[in-house]
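Would you mind keeping the following structure in view while I ask a few things?
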Amino acid sequence: MMNPKIALVTGASRGIGAGIAQVLAKRGMVVWGSATSQAGAESIQLALQDYPGCKGVVLEVTDQNSIKTVLQDLLSVAGGLHILVNNAGITQDNLLLRMTNEDWDKVLATNLTAIFRLCREVVRAMIKQRYGRIINITSVVGSSGNPGQVNYSAAKAGLAGLTRSLALEVASRHITVNCVAPGFIESDMTAKLSAEQQNEWLKRIPLGRMGRSEEVAELVAFLASDQAGYITGQEIHINGGMWVN
Ligand code: NAP
């Protein structure tokens, strides 16, 4: 039997990341899922307890030392890294005229700069093993725009650009790099919106409902699979038709 593939899913304590960790573990991968707190790491560990080798870990993606520590542990304990899912992300919404420098900096640091650093750290190992799958979770609003989210949509559009360039840099080493761009998905992030805002979004979705984490996770799992080896540099939207291109 072939050795199982090893995956790191950032932000796996809740929402979309928790769904991705479950689906990858069910497919037989060794999944390390991350949270920002020890309690979050323990809840991931519990959620993945039926799957051998799977683990919850603490990772603060804006802290370079935290990235290095987790990756060193992963390489020494799990023995490698084949799949990186950059899912951790935040919103800090406001209209541009009211947006503070801190709102801008925090969202760019978490949703874009952190992913540059994570990719730089893992690509070295992936090049050595001549195999890798990197999947970055972007958002429909990186393409469509959204009032109140200049920071978030700039970070997500930037991430799509990073993905295209990195895909071209590493393709010859059999590493693929893609984005999954969800629309309006049930999670803590969207639960923060008022009932009025949620209804406004629903009116814009031709399929007439919010998406589910598991649906996003299935797409990520496909891109993480050997069968997706000829897809690279792409941003694949999953949004119930709310934005089509
Ligand atoms: P969520 O429920 O708010 O969960 C966010 C996850 O990211 C949590 O696991 C959180 O860990 C982690 N995280 C936040 N800041 C972090 C940091 N600085 N370092 C490490 N981990 C951090 O979010 P979600 O809705 O599932 O969204 C997941 C991804 O999908 C994000 O990139 C988001 O932009 C994207 N997305 C979501 C939607 C949607 O409708 N929900 C739509 C489009 C795109 P803790 O639990 O420890 O805080």
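These numbers come from the heavy atoms of this one structure, side chains and all, not from hydrogens, waters or symmetry mates. In listed order, ligands and their atoms are each counted from 1.
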How far is atom 42 (C) of ligand 1 from its nearest protein heavy atom, and which residue and atom is that?
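For this ligand atom, the closest protein heavy atom is Gly183 O, 2.9 Å.
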Closest protein heavy atom (residue, atom, distance) for atom 20 (C) of ligand 1:
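So the nearest neighbour among protein heavy atoms is Leu59 O, 3.2 Å.
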Could you tell me which atoms of ligand 1, counted from 1 in the order shown, lie closer than 4.0 angstrom to a heavy atom of Asp188?
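Listed by number with element: 2 (O).
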Record the part of Glu186 in heavy-atom contact with ligand 1 below 4.0 Å; permitted values are side chain, backbone, both and neither.
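Neither part.
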With atoms numbered from 1 as shown, which atoms in ligand 1 lie under 4.0 angstrom from a non-hydrogen atom of Pro182?
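Matching atoms, with element in brackets: 42 (C), 43 (C), 44 (C).
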So does Arg209 have more than 12 non-hydrogen atoms from other groups sitting under 6.0 Å from CZ?
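Yes, enclosed.
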Is there any N or O on Arg14 that sits under 3.5 Å from an N or O of ligand 1?
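There is such a contact, yes.
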As an exercise, state the distance from CE of Met189 to CD1 of Ile16, rounded to the nearest 0.5 Å.
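One finds 7.5 Å between CE of Met189 and CD1 of Ile16.
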Would you check the N or O atoms of Ser34, main chain and side chain alike, for any that come under 3.5 Å of an N or O of ligand 1?
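Looking only at distances, the answer is no, because the N/O contact criterion of under 3.5 Å is not met.
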Specify side chain, backbone, both or neither for Thr91, according to which of its non-hydrogen atoms lie closer than 4.0 Å to ligand 1.
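Neither; no heavy atom under 4.0 Å.
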Nearest heavy atom to atom 27 (O) of ligand 1: which of Gln38, Met210, Met189 does it belong to?
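The residue whose heavy atom sits nearest atom 27 (O) of ligand 1 is Met189.
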Taking atom 14 (C) of ligand 1 as the reference point, the nearest protein heavy atom with its distance
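Closest protein heavy atom to atom 14 (C) of ligand 1: Ile90 CG2, 3.8 Å.
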Phe184 N/O to ligand 1 N/O under 3.5 Å:
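No, since none of the N or O atoms of Phe184 sits under 3.5 Å from an N or O of ligand 1.
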Heavy-atom distances under 4.0 Å decide this one: backbone, side chain, both or neither, for Thr36 against ligand 1?
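For Thr36, backbone and side-chain atoms both sit under 4.0 Å from ligand 1.
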Would you name the heavy atoms of Pro147 and Leu95 that are closest together and state the gap between them?
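Shortest heavy-atom contact: C-CD2, 4.5 Å.
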Please report the closest heavy-atom contact between Met242 and Pro206, naming both atoms and the distance.
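Taking every non-hydrogen atom into account, N-CD, 3.6 Å.
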Salt bridge (Lys or Arg N to Asp or Glu O under 4.0 Å): pairs with one or both residues in residues 91-114, sequence neighbours excluded
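Qualifying pairs: none.
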Starting from atom 13 (N) of ligand 1, which protein heavy atom do you reach first, and at what distance in Å?
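Nearest neighbour among protein heavy atoms for atom 13 (N) of ligand 1, to 0.1 Å: Ala88 CB, 3.9 Å.
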For the hydrophobic clusters of this structure (ILVMFWY residues joined by side-chain heavy atoms under 4.5 Å, transitively), does one cluster hold both Met29 and Leu81?
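No; tracing contacts between hydrophobic side chains, which count when under 4.5 Å, never links both residues.
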For atom 5 (C) of ligand 1, grab the closest protein heavy atom and report residue, atom and distance to one decimal in Å.
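Residue, atom and distance for the closest contact: Gly89 O, 3.9 Å.
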Location of contacts on Val140 toward ligand 1, heavy atoms closer than 4.0 Å:
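Looking at Val140 and ligand 1, no heavy atom falls under 4.0 Å.
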Taking all heavy atoms of Gln22 and all of Ala47, pick out the closest pair and write down the distance.
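Answer, listing the atom of Gln22 first, then Ala47: NE2-O, 2.8 Å.
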So which heavy atom in the protein is nearest atom 34 (O) of ligand 1, and how far is it from that ligand atom?
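Protein heavy atom at minimum distance: Tyr152 OH, 2.5 Å.
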State, to 0.1 Å, how close Val123 and Ile175 come at their nearest heavy-atom pair, and which atoms those are.
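Minimum heavy-atom contact is O-CD1, 4.5 Å.
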Specify the closest pair of heavy atoms between Thr138 and Ala160, including all atoms of both residues, with the distance to one decimal.
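Heavy atoms of Thr138 and Ala160 come nearest at CG2-N, 4.1 Å.
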Do any N/O atoms on Ser13 end up under 3.5 angstrom from N/O atoms on ligand 1?
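Looking only at distances, the answer is yes, because the N/O contact criterion of under 3.5 Å is met.
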Please check: side-chain N/O of Gln198 versus main-chain N/O of Thr190, any donor-acceptor pairing under 3.5 Å?
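Yes, the answer is positive, given that a donor and an acceptor are paired below the 3.5 Å cut-off.
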Quick test: of every protein heavy atom, which one is nearest to atom 18 (N) of ligand 1, and how far off is it to 0.1 Å?
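Going atom by atom, the protein heavy atom closest to atom 18 (N) of ligand 1 ends up being Glu60 OE2, 2.7 Å.
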Does the pair Arg164/Glu169 count as a salt bridge with the N-to-O cut at 4.0 Å?
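No salt bridge links Arg164 with Glu169.
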Does only the side chain of Ile185 get under 4.0 Å from ligand 1, or the backbone, or both, or neither? Count heavy atoms.
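Looking at Ile185 and ligand 1, atoms from backbone and side chain both fall under 4.0 Å.
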Does ligand 1 come near enough to Asn111 that some N or O of the ligand is less than 3.5 Å from an N or O of the residue?
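Asn111 vs ligand 1: no N/O contact under 3.5 Å.
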Element-labelled atoms of ligand 1 that are located less than 4.0 Å from some non-hydrogen atom of Ala12:
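Near Ala12, meaning under 4.0 Å from one of its heavy atoms, ligand 1 has 9 (O).
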Does any non-hydrogen side-chain atom of Leu118 lie less than 4.5 Å from one of Ile134?
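No, every pair of side-chain atoms sits at 4.5 Å or beyond.
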Can you pull out every ring-ring contact (aromatic ring centres under 6.0 Å, His included) where at least one residue sits in residues 170-203? Sequence neighbours excluded, please.
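Of all non-adjacent pairs touching residues 170-203, those that pass ring-ring contact (aromatic ring centres under 6.0 Å, His included) are Phe184-Trp201.
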To the nearest 0.5 angstrom, please state how far the OG1 atom of Thr176 sits from the OH atom of Tyr230.
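If I round to the nearest 0.5 Å, the distance is 13.0 Å.
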Enumerate the atoms of ligand 1 whose separation from the nearest heavy atom of Asn87 is less than 4.0 angstrom.
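Near Asn87, the atoms of ligand 1 are 28 (C), 29 (C), 30 (O), 31 (C), 32 (O).
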Around atom 44 (C) of ligand 1, find the nearest protein heavy atom and jot down its residue, atom name and distance.
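Going atom by atom, the protein heavy atom closest to atom 44 (C) of ligand 1 ends up being Thr138 O, 3.1 Å.
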Can you confirm whether more than 12 heavy atoms, excluding those of Lys192, are under 6.0 Å from its NZ atom?
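Check passes, neighbour count above 12.
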Classify the contact between Ser187 and ligand 1 as side chain, backbone, both or neither, using a heavy-atom distance cut-off of under 4.0 Å.
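Contact part for Ser187 vs ligand 1: side chain (C-beta onward).
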N/O of Val61 under 3.5 Å from N/O of ligand 1, yes or no?
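The answer is yes, given that Val61 and ligand 1 share an N or O pair closer than 3.5 Å.
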Ligand-side contact atoms (ligand 1) for residue partner Ala35, heavy atom cut-off under 4.0 Å:
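Those of ligand 1 that fall under 4.0 Å from Ala35 are 47 (O).
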